Amino acid sequence: ENGAGRNVDVYKADNVEFTDCVVRNAGADGIVVTSSTNIDINNSTIHDLGSYGVHIQNCGDIPTLTRAECGVSNCEIYNFGQSKRSYSPAIKFGSSVGCYATNNKLHDGTHSAITFVGSEITMEYNEIYDVLTQAADSGAIYGGRSYSMWGNTIKYNYIHNIYDAVDIGVPVVGVFLDDMLSGTTVESNIMVDVNQGIFLSGGRDTVIRNNVIVNKTADDPAPNGDGRYAIMLRTTGLLDHRQSMVQSMLSNISSLDLTS
């Protein structure tokens, strides 16, 4: 406790368990796990933090989809993001594979509860409330800005009391799949008293099913979205560029001597 920066730093470690711990009063992050495998943070309380609660980064290998098996379970994390008030969630997955946030209580934060960048990340059985208290255009659970992150699952979470704190015409959302995020499954979540339930910003092969959304306050449909990737392809010339690349590749392949 009472660290000016990070309270706990785990780097290039394997098979480490934090259980029944109290991590509190950090000037920056509670626990940071980097380039590690089989790190389990469970049954602990993490609170009053300048930035992240738990940051799991560069764990696992994205090109080969090698799983890290690092995660957070059965923890309560609150009062996070007190100094760095945006993009300082309770749990952040950065460029990681095969990680998890399971059965946690995450509340009282200025921005998102969980953000994720990576593949095969599971976020399930979490209770999330009273977050995004100084934010707009974001989600209690938020991921995005990559067309290549696939296999992430958001299920059986209870998200409630999520309201617009800043009225700039761009709402806060229960689950936000931003900027062409694809291949994500959002299922069997319960969202009560949220501004908007689920928002999709482009992408493909996303599955949304069996979610319950009650008492949303936005006028837009509960699952809502746009087709920004298709629009971008049409308006930027990127589609013509990609078609040209494919034609060039096919031409090169056809000229190869595959008989020897």
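Quick caveat: nothing in here was measured; it's all calculated off a predicted structure.
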Are the side chain of [X] and the backbone of [Y] linked by a donor-acceptor contact shorter than 3.5 Å?
| X | Y | answer |
| --- | --- | --- |
| Ser36 | Ala13 | yes |
| Asn195 | Val172 | yes |
| Ser88 | Ser51 | no |
| Asn211 | Val186 | yes |
| Asp61 | Thr64 | yes |
| His111 | Tyr87 | yes |
| Asn152 | Glu120 | yes |
| Asn189 | Ile159 | no |
| Asn104 | Cys75 | yes |

Can you confirm whether [X] sits close enough to [Y] that some side-chain heavy atom of one is under 4.5 Å from a side-chain heavy atom of the other?
| X | Y | answer |
| --- | --- | --- |
| Val22 | His47 | yes |
| Cys59 | Val33 | yes |
| Phe116 | Ile141 | yes |
| Lys105 | Tyr158 | no |
| Leu106 | Ile91 | yes |
| Val72 | Thr102 | no |
| Ile31 | Val23 | yes |
| Ile208 | Ile198 | yes |

Quick check: closest heavy atoms across [X] and [Y], and the distance to 0.1 Å?
| X | Y | result |
| --- | --- | --- |
| Ser73 | Asp40 | OG-OD1, 3.6 Å |
| Ser96 | Ile62 | N-CD1, 4.3 Å |
| Ile128 | Ala113 | CG2-CB, 3.5 Å |
| Thr206 | Leu181 | OG1-O, 3.9 Å |
| Ile162 | Leu132 | CG2-CD1, 3.7 Å |
| Phe93 | Tyr100 | CZ-O, 3.3 Å |

Quick check for you: to the nearest 0.5 Å, what is the distance between [X] atom [atom1] and [Y] atom [atom2]?
| X | Y | atom1 | atom2 | answer |
| --- | --- | --- | --- | --- |
| Gln196 | Ile213 | CD | CD1 | 8.5 Å |
| Arg67 | Leu65 | CZ | CG | 9.5 Å |
| Ile41 | Thr19 | CD1 | OG1 | 11.0 Å |
| Ser201 | Leu177 | OG | CG | 8.0 Å |
| Asn25 | Leu49 | CG | CG | 8.0 Å |
| Glu76 | Ser44 | CD | OG | 11.5 Å |

Relative to the ring of Tyr78, is the ring of His107 parallel (under 30°), tilted (30 to 60°) or perpendicular (over 60°)? parallel
Using the six-membered ring wherever Trp is involved, compare the ring planes of His160 and Tyr129 and label them parallel, tilted or perpendicular (cut-offs 30° and 60°).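 Ring orientation, 0 to 90° scale: parallel.
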Are [X] and [Y] joined in one hydrophobic group, where the rule is that I, L, V, M, F, W and Y side chains link up if heavy atoms are under 4.5 Å apart?
| X | Y | value |
| --- | --- | --- |
| Val32 | Val16 | no |
| Val97 | Met123 | no |
| Val117 | Leu200 | yes |

Does any donor atom in the side chain of [X] or [Y] lie under 3.5 Å from an acceptor atom in the other side chain?
| X | Y | answer |
| --- | --- | --- |
| Tyr142 | Asp178 | yes |
| Asn103 | Asn74 | yes |
| Thr34 | Gln57 | yes |
| Ser112 | Ser138 | yes |
| Glu17 | Asn42 | yes |
| Asn58 | Ser35 | no |
| Asn161 | Asp130 | no |

Derivation of the side-chain hydrogen bond (donor to acceptor under 3.5 Å, both in side chains) call for Asp14 and Thr37: CA-CA 5 Å; Asp14 178 56; Thr37 53; 2.6 Å; yes
Tell me, with the steps shown, if Asn157 and Asn126 meet side-chain hydrogen bond (donor to acceptor under 3.5 Å, both in side chains). CA-CA 5 Å; Asn157 299 287; Asn126 300 288; 3.1 Å; yes
Below 3.5 Å, can you tabulate the donor-acceptor pairs from side chains in residues 5-12 to any protein atom, sequence neighbours excluded?
{"residue": "Arg6", "atom": "NH1", "partner": "Asp9", "partner atom": "OD2", "Å": "2.9"}
{"residue": "Asn7", "atom": "OD1", "partner": "Gly3", "partner atom": "N", "Å": "3.0"}
{"residue": "Asn7", "atom": "ND2", "partner": "Arg24", "partner atom": "O", "Å": "2.8"}

Testing Asp48, Val131, Ile46, Thr110 for side chain to side chain contact (heavy atoms under 4.5 Å, CB included) with Phe80, which one passes?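 Per the side chain to side chain contact (heavy atoms under 4.5 Å, CB included) rule, the option paired with Phe80 is Val131, out of Asp48, Val131, Ile46, Thr110.
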Using a strict 4.0 Å threshold on nitrogen-to-oxygen distance, state whether Lys155 and Glu187 make a salt bridge.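 No salt bridge links Lys155 with Glu187.
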